[in-house]
Amino acid sequence: MKLERALGLLREVPDFPQPGVVFRDLTPVLADPDALRAVVDALQVHVEPSTQVVAAVESRGFLLGAALGYGWRYGVVPLRKPGKLPAVAHRVSYDLEYGAASLELPEGAITPGQKVVVVDDVLATGGTAAAACELVERAGGVVTGVSVVIELPALGGRAHLTGRQVHALLAV
Ligand SMILES: O=P(O)(O)OC[C@H]1O[C@H](OP(=O)(O)OP(=O)(O)O)[C@H](O)[C@@H]1O
Ligand SMILES: Nc1ncnc2[nH]cnc12
């Protein structure tokens, strides 16, 4: 399936999770086998060739990151919300379009010098992606890029990711 058709399945939900937010829902894209494949393959095209590991952001980034890792032979490391990991290497807190949050990196998951791509579904304010990059770097990893399916440019996420390779399949 062509990427454009796959992304045409994206659903926009007004006023979720709070009034004024238009939620970009990838569920129908992921639920379609051909669309899922088209999106994951398109993400891979922009991954820097020396990359060894996908750092996938909880929770929607897990779906994309695991598929990317399995399909293209990268290891997968989950960046998790607090309270989920048995052994935490680092924690970073950040602001969201609708609230505040923290992410944690599992102990021993990333070794110094490892090349890591950060993967998520949406880049909005960029707080999440910036926190993900910071976590990887605190462990000594090298961020080769940030790859997302959807970017919301109006929220200015790239300002938090200056100097990084940022790839989005769709800007809305
Ligand atoms: O660029 P930002 O403003 O930081 O927003 C982007 C983040 O927001 C959403 O996750 P959310 O925290 O809602 O968690 P979820 O994936 O568990 O629903 C999305 O999946 C990104 O991770
Ligand atoms: N508008 C939005 N839709 C989906 N995920 C998001 N994460 C942050 N903002 C979002």
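One-based numbering, in listed order, for ligands and for the atoms of each. Note: hydrogens, waters and symmetry copies are ignored here, and every other heavy atom, side chains too, is used. From a predicted model like this one, the values you see are computed outputs, not experimental measurements.
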Hey, which atoms in ligand 1 end up nearer than 4.0 Å to a heavy atom of [X]?
X	answer
K81	12 (O), 14 (O), 15 (P), 17 (O)
D121	19 (C), 20 (O), 21 (C)
E58	16 (O), 17 (O)
T125	1 (O), 2 (P), 3 (O), 4 (O)
V122	6 (C), 21 (C)

Does G126 have a non-hydrogen atom less than 4.0 Å from ligand 1? yes
Does some non-hydrogen atom of H160 fall short of 4.0 Å from ligand 1? no
Pick one of side chain, backbone, both or neither for how L152 approaches ligand 2, counting any non-hydrogen atom pair under 4.0 Å. side chain
I want to check something: taking the side chain as every heavy atom from C-beta on, are H46 and Q165 in contact at a cut-off of under 4.5 Å? no
Can you name the closest pair of heavy atoms from H160 and A130 and give their distance? O-CB, 3.7 Å
Taking every non-hydrogen atom, the tightest pair across L155 and A124: CB-O, 3.4 Å
Looking just at side-chain N and O atoms, do K115 and S50 make a donor-acceptor pair shorter than 3.5 Å? yes
Assess the side chains of E134 and Y94: does a donor N or O sit below 3.5 Å from an acceptor N or O? no
Assess the residue pair E58 and K84 against the criterion (salt bridge (charged side-chain N to carboxylate O under 4.0 Å, His left out)); give the C-alpha distance rounded to whole Å, side-chain angles, the decisive distance to 0.1 Å, and a yes or no. CA-CA 10 Å; E58 182 165 357; K84 305 288 187 182; 5.0 Å; no
